[in-house]
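The chains referred to below are lettered A, B, ... by the order of the sequence lines, with proteins before strands, and numbering in each begins at 1.
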Amino acid sequence: MQVDWSKNFFELFGLPAQFDLDPSDLLTRYRELQRRVHPDKFASASAEERRLSMQLTTLVNEGYQTLRDPVRRARYLLDLSGVAMNDETDTSMKPEFLVEQMELREALEEACAREDSLRRLAELANDIEHRHAAKLEELRDCFSRGQGALGAARNAVRELQFLGKLLQEIREQEEELT
Amino acid sequence: MGIDLGTTNSLVAVVRSGVAETLADTKGRHMLPSVVRYQTTAPPLVGHEALSDAHDDPFNTIASVKRLMGRGVADVKQLGTQLPYEFVAGDSPVPRIRTVAGDVSPVEVSAEILKVLKVRAEDTLGAVMPDAVITVPAYFDDAQRQATKDAARLAGLNVLRLLNEPTAAAVAYGLDKGSEGIYAVFDLGGGTFDISVLRLNRGVFEVMATAGDSALGGDDMDHAIAEWFMREASIADDSDHRALRRLLRDARAVKEALTTQATAQVEVQGGAGLWRGVLDRNTLNTLIDPLIARTLAPCRRALRDAGIRAADVDGIVLVGGATRIPRVREQVEAFFGKPPLADIDPDKVVAVGAAIQADVLIGNRRDQDMLLLDVIPLSLGIEIMGGMVEKIIPRNTPIPAARGQEFTTYKDGQTALLVHVVQGERDLVSDCRSLARFELRGIPPMVAGAARIRVAFQVDADGLLNVSAREQTTGVESRVVVKPSYGLSDGEIERMLRESFSHAKEDEAARALREAQVDADRLLEAVTAALAADGDSLLSRAERAEIDGAMAALRAARDGGAIGAIKRGSEAVDAATREFAARRMDAGIRKALAGHRLEEFHSLPPGGDK
Ligand SMILES: Nc1ncnc2c1ncn2[C@@H]1O[C@H](COP(=O)(O)OP(=O)(O)OP(=O)(O)O)[C@@H](O)[C@H]1O
Ligand SMILES: [Mg+2]
């Protein structure tokens with residue numbers, strides 16, 4: 001079997017394994033890979049080629065989604081560097097962050113209960129988006145500091161995931177209200 | 001050929017001398033009303049004739065059958081009085097409609113429509129045409145897609161691809177206008193609504209997000225108008241199917257008239273004799289506004305999922321007959337903040353796009369770089385404790401896609417695990433569509449939580465799902481192609497095909513042989529092209545000789561005319577080219593990345609080294 005499934009996503013896309021990435025460069029490479037591997041290019045090929053094409057396109061799609069999202073990309077990089085996230089087993093978080101989370105959750109519940117909940121939710125989403133953006137900057141900084149800051153990067157990723165989940169919940173609430 | 005199998009109208013298009021166009025019937029009509037009338041002895045009538053009989057023979061004349069595709073009996077009950085047919089009571093999970101020609105399922109009714117289009121294409125082109133791209137609403141779930149594919153098989157078609165309607169429209173539009181940038185396709189037809197956001201770049205059509213409502217369209221407006229008639233004309237009783245059908249027909253005529261006129265005369269048979277009245281556009285607007293409003297929430301969601309704002313959209317393409325309604329255009333313009341593009345025929349684009357895609361898939365446009373990258377419209381998940389859903393593949397994931405999740409046993413000594421696959425966005429299983437249930441058996445008894453069961457989902461390029469479950473420590477495996485409980489089994493389809501062939505002029509065996517020969521020709525052609533491109537660089541002389549030998553054997557079998565031999569020959573060619581296929585794929589990836597910063601790329605081992 002020639003197709004090398006052991007390559008990581010950065011290798012698959014021919015990109016350096018680092019946090020900083022030019023989204024338009026990624027998109028260009030994604031399109032070029034798709035032009036080579038997509039099932040539409042093998043619709044009348046042998047069964048074997050069709051099967052390979054589907055598997056490879058699946059891999060390219062998975063890689064694209066992993067690399068284009070900064071938080072997923074960071075998780076993936078940490079994983080490559082041997083820093084495990086252990087989401088399930090390790091639930092310890094910085095106390096300040098936990099307090100912040102609780103406050104934001106309360107704000108969400110309160111917003112939902114209000115008359116003008118849609119406006120409240122939009123404000124809250126805006127606030128969380130700002131925190132998310134700031135945290136992303138922090139994460140970028142961690143990665144630029146090299147091996148020594150990977151632990152800090154891991155914390156930042158976990159905090160970003162919390163914020164992301166919260167944003168998602170707000171979106172779902174908004175969808176239910178409209 | 002490309003087929004737009006619509007709720008109200010269906011079309012077929014083909015590419016001839018490089019130009020894609022829809023085909024007309026002998027009377028010059030392109031649209032085929034998606035209406036089938038069953039008769040006692042004669043074969044069913046399909047299209048215009050059936051449509052004009054709809055109100056005289058309501059029980060045997062099936063319209064808008066697309067709304068029933070992939071639906072269970074319970075869903076159909078919910079649609080309730082909206083459907084003036086008689087459903088067969090019974091324990092079959094598939095809804096069946098009682099007609100003078102016997103009970104029919106929605107899949108069979110759809111197959112009748114497809115058969116007529118297939119014959120139209122074959123008669124027009126004077127050739128056998130088994131291959132088709134069939135369009136489906138982007139928001140169709142797995143069950144609805146599978147049902148559509150079943151209908152195509154039943155009609156004797158080989159489905160090259162199920163293509164999403166808005167994507168097909170984007171292809172026809174984008175290639176025609178040479179557009180680049182971000183486009184929203186707003187498709188409001190007779191029975192379904194789709195919104196897709198696509199990025200067009202040098203022939204690549206990348207769907208960024210899609211949303212919709214697979215039960216919303218012009219039909220619903222007709223119902224709202226018919227109800228208005230009933231109120232105004234004091235028609236209380238809705239049990240008379242003939243009258244109801246007539247009201248719907250009149251409602252549709254009035255709705256369409258109000259697209260160009262400010263008022264329309266109405267004449268309906270009321271409770272107390274003939275009722276005459278006038279419906280003006282303002283009143284129409286108040287009747288349909290709630291329905292139009294239901295299109296905007298999906299628009300909002302599609303934009304959000306695509307990660308863009310309305311202002312980022314470069315153009316809005318309108319598709320579907322109901323987008324001719326001025327109020328719909330107004331609302332779309334208000335939402336996106338710019339007027340929609342109205343320079344295409346909203347009826348034909350979907351079929352035209354499907355024909356272009358079919359042409360690409362059968363390899364007629366090798367030189368062209370068109371590529372469609374689509375997504376899955378609704379999240380896929382499985383049931384976990386407490387009737388909750390665990391999402392495995394979220395909506396708007398590009399397809400093909402695969403994802404796995406590990407589960408464990410929750411009781412000591414548990415030897416079986418029930419896997420319940422669902423599709424939808426809600427947290428509760430009861431609010432999602434149930435796609436399939438299967439059981440992984442033979443798990444060796446262990447303490448609760450010790451088993452590691454990996455459930456893997458694979459969605460193919462048609463958006464169809466395949467699920468397998470495997471106990472990791474022992475390797476016990478169970479695999480299913482998701483066949484919804486109210487779909488047809490392969491056996492059923494084959495039986496129906498056989499039955500239909502026994503009535504047909506054509507001999508089944510001759511047809512099967514011809515299909516096997518067409519398949520063999522296609523394979524031989526594909527391998528020949530692959531050898532011409534890469535044979536010299538990727539194969540040793542011995543390897544090449546082996547492939548040549550298998551091909552020669554297949555060629556002989558093909559001309560020999562024994563189906564079994566042709567199939568075995570095809571399998572042998574597949575086997576002989578396996579290694580070659582892998583090397584080509586590998587070389588393709590390297591070529592895709594060539595020209596990029598190569599020094600950063602850990603190159604693959606050259607073909608044949610492993
Ligand atoms: N001029 C018009 N004004 C208003 N409505 C129209 C007009 N022309 C067609 N329609 C409506 O458009 C609908 C049919 O549209 P279309 O043919 O695009 O649907 P379809 O492809 O059959 O359905 P779908 O795509 O939902 O499966 C019908 O409800 C019809 O009444
Ligand atoms: Mg349509």
Side-chain angles (χ1 to χ4, degrees), chain A residues 1-4 6-8 10-18 23-25 27-65 68-69 125 167-168 171-172 174-178, chain B residues 160-161 201-202 204 206 296-297 300-301 304 357 360-363 369-373 397-403 425 458-461 522-523 525-527 530 570-571 573-575 577-579 581-586 588-589 591-593 596-598 600-602 604-605 607-610:
Chain A
M1 168 67 60
Q2 261 60 47
V3 176
D4 186 353
S6 69
K7 270 192 299 183
N8 71 46
F10 290 100
E11 290 165 346
L12 181 66
F13 280 78
L15 289 165
Q18 63 187 38
S24 69
D25 190 23
L27 183 58
T28 309
R29 286 158 189 262
Y30 172 63
R31 290 193 187 120
E32 281 168 27
L33 279 172
Q34 286 285 13
R35 281 187 199 279
R36 301 280 172 180
V37 301
H38 195 274
D40 284 3
K41 301 286 175 193
F42 298 91
S44 42
S46 66
E48 182 63 16
E49 273 189 302
R50 287 204 307 270
R51 191 183 65 79
L52 270 178
S53 146
M54 182 167 85
Q55 291 179 342
L56 212 45
T57 311
T58 298
L59 190 75
V60 168
N61 277 333
E62 180 71 21
Y64 178 56
Q65 287 191 295
R68 84 172 154 182
D69 175 51
L167 264 178
Q168 176 71 23
R171 298 298 178 218
E172 276 163 18
E174 283 180 334
E175 254 172 45
E176 257 172 48
L177 288 168
T178 46
Chain B
L160 292 170
R161 184 76 80 233
N201 178 276
R202 294 190 299 123
V204 180
E206 183 203 346
L296 299 181
R300 226 169 273 127
R301 196 167 87 179
R304 181 142 68 212
Q357 168 76 336
V360 169
L361 291 179
I362 58 170
D369 266 339
M370 187 185 104
L371 184 61
L372 312 187
L373 306 175
T397 297
I399 53 172
R403 204 66 58 85
E425 305 313 315
Q458 168 83 56
V459 181
D460 66 17
R522 195 175 299 141
L523 177 62
E525 204 182 303
V527 177
S570 295
E571 278 158 23
V573 171
D574 259 349
T577 53
R578 195 158 291 162
E579 182 73 16
R583 283 181 209 164
R584 292 192 73 218
M585 205 65 80
D586 210 25
I589 293 183
K591 263 186 229 151
L593 298 172
H596 288 295
R597 291 163 286 178
L598 260 184
E600 288 152 4
F601 179 56
H602 306 271
L604 290 161
D609 276 3
K610 278 185 146 183

- prompt: In Å and rounded to the nearest 0.5 Å, what is the CZ to CD distance from B/Arg584 to A/Glu49?
  reply: 5.0 Å
field: Under 4.5 Å from a heavy atom of chain B, the part of A/Gln34 involved
entry: both
message: Rounded to the nearest 0.5 Å, what separates atom OG1 in A/Thr57 from atom CE in B/Met585?
response: 7.5 Å
- prompt: Say you draw a straight line from OH of A/Tyr30 to CD of B/Glu206; how long is it, rounded to the nearest 0.5 Å?
  reply: 5.5 Å
message: Would you say that A/Arg35 contacts B/Arg202 through its side chain, given a criterion of any heavy-atom pair below 4.5 Å between the two side chains?
response: yes
- request: Measure across B/Ala526 and A/Ala45 and return the closest heavy-atom pair with its distance rounded to 0.1 Å.
  value: CB-CA, 3.9 Å
Which atoms of B/Thr397 approach chain A - backbone, side chain, both or neither, heavy atom under 4.5 Å: both
- request: Taking the side chain as every heavy atom from C-beta outward, state whether B/Leu371 and A/Arg31 have any atom pair closer than 4.5 Å.
  value: no
- request: Under 4.5 Å, counting heavy-atom pairs only, tell me which of B/Ala297, B/Ala401, B/Ala530 racks up the most with chain A.
  value: B/Ala401
task: For residues B/Met370 and A/Asp40, determine if any side-chain heavy atom of one lies less than 4.5 Å from a side-chain heavy atom of the other.
output: no
Atom group of B/Glu571 that falls short of 4.5 Å from chain A, counting heavy atoms: neither
task: Hey, could you give me the CZ/CD distance between B/Arg403 and A/Gln65, rounded to the nearest 0.5 Å?
output: 6.0 Å
query: Which one, B/Arg304, B/Arg301, B/Arg522, leads in non-hydrogen pairs under 4.5 Å with chain A?
result: B/Arg304
query: Have B/Thr577 and A/Glu48 got a donor and an acceptor in their side chains that come within less than 3.5 Å?
result: no
- request: Sort B/Ile399 into side chain, backbone, both or neither according to what part of it lies under 4.5 angstrom from a heavy atom of chain A.
  value: backbone
field: Smallest separation among heavy atoms of B/Ala402 and A/Glu62, with atom names
entry: O-OE1, 4.0 Å
task: Count the heavy-atom pairs under 4.5 Å between each of B/Leu523, B/Asp460, B/Val527, B/Leu373 and chain A, then report the option with the highest count.
output: B/Leu373
